[in-house]
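For reference, the structure is listed below as structure tokens.
Side chains included, hydrogens not; waters and symmetry mates left out as well; all remaining heavy atoms used. Per chain, numbering begins at 1; letters A, B, ... match sequence-line order.
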Amino acid sequence: MASPQVKGASIAELAEGVRARKWKARELVESYLDRIARLDGRLGCYLLVDGDGARRRADQVDATVAAGRDPGLLAGVPIGLKDIFVTRGLQTTAGSKILRGFVPPYESTVSARLAAAGAIALGKLNMDEFAMGSSNENSAFKPVRNPWDLERVPGGSSGGSAASVAASLCAGSLGTDTGGSIRQPASLCGVAGMKPTYGRVSRYGVIAFASSLDHPGPFGRTVEEVATLLEVIAGHDPCDATSIPSPVGRYRQACAAGLAGMRVGVPEEYFQAGMDPEVEAAVRGAIDEIARAGAKLVPVSLPHTQYAVATYYLVCTAEASSNLARYDGVRYGHRTAEASSLEELYSKTRGEGFGAEPKRRIILGTYVLRSGYYEAYYGKALRVRRKIADDFRAVFDKCDVLATPTSPTAAFKLGERQADPLQMYLADIYTVAPALAGVPALSQCCGFTKNHLPIGLQLIGPPLGEEAVFRIAGEYQRRTYWHKRLPEDPS
Amino acid sequence: MSVDRYEAVIGLEVHVHLASRSKIFSSSSTAFGKEPNSCTDPVCLGLPGALPVLNRAVVDAAVRLGLAVGSHIRPRCRFARKHYFYPDLPKGFQISQYEEPLCEGGAVEFRVAGEARRVRLTRIHLEDDAGKNIHDDSGVSFVDFNRAGVPLVEIVSEPDIRSAEEAAEYMRALRTLVRTLGISDGNMEEGSLRCDANVSLRLHGTEKLGTKAEMKNINSFKHVREAVEHEIRRQAAVLDRGEAVVQETRLWDPERGLSQSMRSKEHAHDYRYFPEPDLPPLAVDQDWIERAQRSLPELPENRYRRYTDALGLSAQDAGVLCSEREIADYFDVASKACAAPAKKLANWIINEVLARIDDPRRLAAVDLPVPPVALAELVDLVEKGTLSGKLGKDIFGRMWQEKRRAGEIVASESVAVVSDVGLIEEICKKIVAAYPDEVVRYRGGQSKLLGFFVGKVMKEMGGKANPKTANEILLRLLG
Amino acid sequence: MSRIQPDEVRTIAALARLRLSDAEIERMTHELDAILEYIDTVKNLDTGATEPMTHAVRFDCPLRQDEPKPSLSVEEALQNAPRRRDSFFEVPRIVPSTGEGG
Ligand SMILES: [Mg+2]
Ligand SMILES: [Zn+2]
């Protein structure tokens with residue numbers, strides 16, 4: 001058997017090799033575990049590596065292949081899970097001290113679907129605490145470093161999910177996107193990542209940050225890999241009342257379907273002051289390439305874009321303050337050592353267990369939901385959210401997909417924006433509106449800065465328009481080579 | 001007494017467990033009395049990542065309740081999160097309904113001492129129950145989440161109740177109603193029916209509502225009466241002193257028979273309601289409503305009116321029969337099979353059947369010793385004169401003991417009354433001839449001696465003479 | 001003019017059962033002040049006739065059949081409990097209070 005070269009390998013070729021008995025799942029797992037052991041000390045992608053479990057499951061896949069049975073679409077493919085997906089018997093922390101030691105007695109729907117398709121979870125990936133952040137510096141345990149420049153952040157909150165794929169510490173991964181937490185780190189790490197339509201991928205077993213905005217989704221080096229993973233994890237789940245019951249699209253096919261006759265909208269609000277000129281140049285270059293490929297460009301407007309960040313922070317903090325109420329030290333997780341009353345049990349447990357960002361959001365969310373303030377803040381935000389969603393509805397009469405930058409800048413330095421939460425929030429400017437509207441959006445690499453930092457192109461589709469997004473993304477990727485660049489392994 | 005200067009204005013919030021097999025938002029069992037924390041799942045334990053999925057049977061039960069009390073069923077309603085911190089509340093919020101509840105309006109009709117009363121409802125909404133805190137003296141408390149997620153309806157009344165007794169009767173009427181609908185067992189001991197009471201006073205003849213206090217933790221008819229009575233007296237005393245009633249929540253302590261203020265300075269209540277993002281709005285379409293409407297059984301108030309108006313039962317008898325669905329059902333089945341007047345049948349049920357069971361719900365049991373049709377048969381035998389009243393009662397006792405039918409006992413042991421006029425007349429003549437002195441005294445005016453002759457005839461015939469026939473013949477022979 | 005004062009942050013922190021140090025209160029007051037100022041921009045937008053958007057999905061609440069499924073075992077339910085006794089979760093002594101919603 002050939003020894004697999006896992007750095008830069010694609011999900012399709014890894015699975016095909018397992019099915020064709022070119023290599024064993026066990027060998028793939030060992031190769032990735034070896035890379036993790038050598039490199040992750042510098043990168044900080046994993047919060048937990050489940051070597052024994054991964055080996056055991058790889059052996060099962062190999063036994064299935066040996067017995068002549070179908071090992072599944074993702075046969076033996078080593079993947080990573082953001083530590084926000086609960087995994088039965090495997091510690092799950094959501095990047096927070098308040099959940100240290102928590103071992104869930106159940107499995108998230110999507111991680112179970114990946115396993116059923118033959119994928120092998122190597123471990124749990126680092127993230128901003130409770131998915132709150134855009135730099136992964138809010139992890140309670142350690143920061144993640146950007147594989148392209150170890151002094152820089154990978155983006156967040158799915159920083160570990162993006163960086164581990166970029167550094168080939170797994171072949172693909174899952175993250176969650178509430179206001180940009182898949183797309184922005186994908187952009188900063190030079191990989192592809194998609195936030196599908198809200199409700200397209202089940203949230204059951206995904207630790208909630210802001211329930212009406214949480215979107216689980218996949219990361220891959222290429223858009224085909226994202227499409228492949230999405231085909232496996234998407235689809236109706238009776239355990240999630242917001243899960244969409246309609247059938248899953250053919251995303252892999254869409255990647256190769258070409259973009260003949262498609263109209264690509266370019267929203268003016270996404271190309272305004274504040275953007276790094278290198279980012280603007282790369283994104284405009286990508287849009288030109290898409291036009292050269294045969295798509296028709298349509299200038300469009302999303303007039304309520306300027307309200308998106310404020311609206312987003314009202315909605316997400318209100319919901320977060322509610323979702324984080326359950327961390328009280330009674331049933332699981334951290335509990336303060338000394339509590340003489342219930343009052344103390346709660347306030348000390350929560351004061352000790354939560355980091356600065358969750359605290360900030362709990363306070364803001366509690367503030368805006370208080371009686372007497374609800375209408376002025378949360379109620380108002382829900383109405384503005386409708387207007388933002390209506391913007392998207394209207395614009396998709398004129399075009400099939402929107403093309404925008406993902407992030408106004410490439411990866412920034414660790415610590416650079418820690419002191420000013422508002423400035424950090426404003427960096428979500430291009431990703432929050434599609435999250436509020438619940439429409440699908442993908443980020444893929446469309447160039448590099450002079451400092452060799454990746455730049456992301458965001459493609460946004462109408463509700464359940466994932467296939468349209470993949471058609472553009474696939475064709476653009478076919479015509480470019482950005483996705484083939486790999487960061488050097490850290491020494 | 002000073003209390004008489006005031007009129008009490010009372011509204012109740014009654015919580016009723018709905019009798020589903022699985023929980024309102026998840027699929028673990030609702031069974032009562034199991035090992036602590038043995039009926040849980042990720043949703044009702046509030047584990048990270050768990051999501052609620054609504055139980056159709058629970059919605060259907062609430063829709064039927066709404067229709068039974070004439071509520072408007074909202075075609076679209078919403079769930080909302082209600083936040084507070086307490087160890088038995090696993091998620092840090094209760095999933096309830098706030099601005100757009102399932103049912104709005106309607107009224108509950110019942111009687112207090114025969115007098116018809118009507119209490120309007122504000123709303124009926126769905127929510128999940130919390131777990132159970134167990135307090136003991138060891139300096140710590142314990143939590144069991146088996147009850148967490150058990151479905152509840154909260155029935156909120158308008159402040160239409162005017163006395164403690166009325167409050168208790170209203171709650172009793174609700175219990176009978178939910179049990180008639182089959183949507184709850186209304187079991188007080190298991191906490192299936194609980195209430196909070198909002199009480200305020202105002203001077204008789206005035207309109208303006210006084211400041212109210214909310215009494216919590218009331219879980220029996222007796223307690224609702226005592227708690228409200230106590231609160232009325234407490235507020236009257238406050239007002240008599242010229243002081244103002246403080247708006248507050250008070251905890252009823254049934255053991256000590258008094259209430260305690262639960263005011264805490266640090267945290268004014270602020271539930272921070274907002275629409276539950278994990279559950280889209282609930283739609284109940286016209287089809288569903290019509291199906292539910294068709295499925296409604298005869299309601300207790302309608303039954304009561306049928307018994308008093310059409311069947312001519314006394315208010316008291318109708319009240320007893322309608323107090324539990326199973327009694328009325330038993331009566332109705334027996335009544336259909338029985339030729340005797342309803343009043344007679346009702347007496348048999350009230351005096352004989354109910355005297356032999358402690359829980360009327362047993363009347364629905366399949367192995368009941370005397371099913372309604374068997375009682376009907378017995379009552380008819382008595383009414384036709386085949387059995388004397390006394391014999392009938394004896395036989396009822398044996399039916400209950402031996403689980404046998406009346407006809408069977410009568411046939412196998414020839415205990416039936418002899419109605420052969422010729423045979424009875426023969427015996428009567430023999431007796432009249434045997435006691436000439438008594439005949440003289442009877443004819444001399446001692447008419448109560450008739451009983452003496454009847455007794456002799458009965459004795460001669462082993463108690464089997466039809467007493468009516470014997471009476472008639474003796475009257476003729478002696479007269 | 002400040003939109004929020006340290007005492008208000010303290011009140012909210014108590015409502016959210018979150019113990020914050022004086023330094024945290026101080027810092028958070030400043031941060032929240034800036035964030036609230038920014039957030040206030042939404043107040044300028046007229047949303048009079050706009051329905052609130054509470055959900056991103058446009059279908060009605062799905063309903064499940066009333067079928068009980070196996071529970072977690074008592075051990076699974078309690079395996080993460082910071083403190084337990086027998087089959088119970090253990091908490092500090094509860095003095096009956098306004099905690100209960102109902
Ligand atoms: Mg209430
Ligand atoms: Zn309630």
Side-chain angles (χ1 to χ4, degrees), chain A residues 101-103 105-106 198-199 212-213 238 241-242 244-245 304 306-307 309-311 313-314 321 328-335 339-348 350-352 354 359-360 362-364 366-367 370 376-377 379-387 389 421-422 425 437-438, chain C residues 4 8-9 11-21 24-25 27-28 31-32 34-59 61-64 72-73 75-83 89-95 97 99:
Chain A
F102 172 61
V103 178
Y106 79 112
Y198 181 86
S212 80
L213 291 161
T242 61
I244 297 173
H304 296 95
Q306 57 171 310
Y307 300 107
V309 172
T311 302
Y313 278 93
L314 282 167
S321 72
D328 58 8
V330 174
R331 283 147 295 123
Y332 42 76
H334 175 72
R335 174 171 179 153
S340 56
S341 65
L342 273 186
E343 191 57 47
E344 265 190 22
L345 171 71
Y346 293 139
S347 56
K348 284 176 70 181
R350 292 162 61 76
E352 293 160 8
F354 289 126
K359 283 179 180 170
R360 193 150 41 228
I362 288 169
I363 295 292
L364 182 56
T366 306
Y367 178 90
R370 277 181 311 163
Y377 287 109
K380 181 79 182 180
L382 294 183
R383 292 173 209 278
V384 183
R385 183 178 183 182
R386 169 83 61 201
K387 284 189 176 287
L422 180 58
Y425 295 173
Chain C
I4 187 164
E8 201 176 1
V9 175
T11 306
I12 294 160
L15 191 56
R17 303 293 191 275
L18 198 55
R19 180 168 290 190
L20 299 177
S21 66
E24 282 178 304
I25 295 272
R27 219 186 79 198
M28 207 169 288
E31 289 165 351
L32 284 182
I35 294 167
L36 286 170
E37 182 182 348
Y38 176 74
I39 278 175
D40 273 353
T41 56
V42 299
K43 291 190 173 164
N44 302 329
L45 184 65
D46 178 21
T47 51
T50 313
E51 274 289 295
M53 178 173 168
T54 53
H55 297 83
V57 292
R58 298 159 74 123
F59 47 81
C61 191
L63 297 162
R64 52 164 242 284
L72 293 173
S73 69
E75 272 320 298
E76 285 171 318
L78 286 151
Q79 71 187 16
N80 287 292
R83 293 187 80 117
F89 293 88
E90 187 189 304
V91 292
R93 202 174 112 72
I94 296 170
V95 193
S97 82

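Using a 4.5 Å cut-off between heavy atoms, A:P421 touches chain C through its side chain atoms alone. For A:Q306, the part sitting under 4.5 Å from any heavy atom of chain C is the backbone (N, CA, C, O) and nothing else.
With sequence neighbours left out, the side chain to side chain contact (heavy atoms under 4.5 Å, CB included) criterion links A:S340 to A:E344. Partners of C:T47 under the side chain to side chain contact (heavy atoms under 4.5 Å, CB included) rule, at least two apart in sequence or in another chain, are A:K380, A:R383, A:V384, A:K387, C:L45, C:T50.
Of all heavy-atom pairs spanning C:Y38 and A:A310, the tightest one is CE2-N, 3.8 Å. The two residues C:A34 and A:L422 make their nearest non-hydrogen contact at O-CD2, 3.9 Å.
Between the side chain of A:R350 and the main chain of C:A16, a donor-acceptor pair closer than 3.5 Å is present. A donor-acceptor pair is defined here as one N or O able to donate and one able to accept, closer than 3.5 Å; no such pair exists between the side chain of C:E51 and the backbone of A:R386. The backbone N or O of A:G351 sits nowhere less than 3.5 Å from a side-chain atom of C:R19 that would complete a donor-acceptor pair.
Counting heavy-atom pairs closer than 4.5 Å to chain C, the top residue among A:T311, A:D328, A:V309 is A:V309.
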Can you list the steps and then say if C:V42 with A:Y377 is a side chain to side chain contact (heavy atoms under 4.5 Å, CB included)? CA-CA 9 Å; C:V42 299; A:Y377 287 109; over 6 Å; no
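Distance check, rounded to the nearest 0.5 Å: CD1 of C:I35 to OH of A:Y425 gives 4.5 Å.
With a 4.5 Å cut-off on side-chain heavy atoms, A:Y106 and C:E76 do not count as touching.
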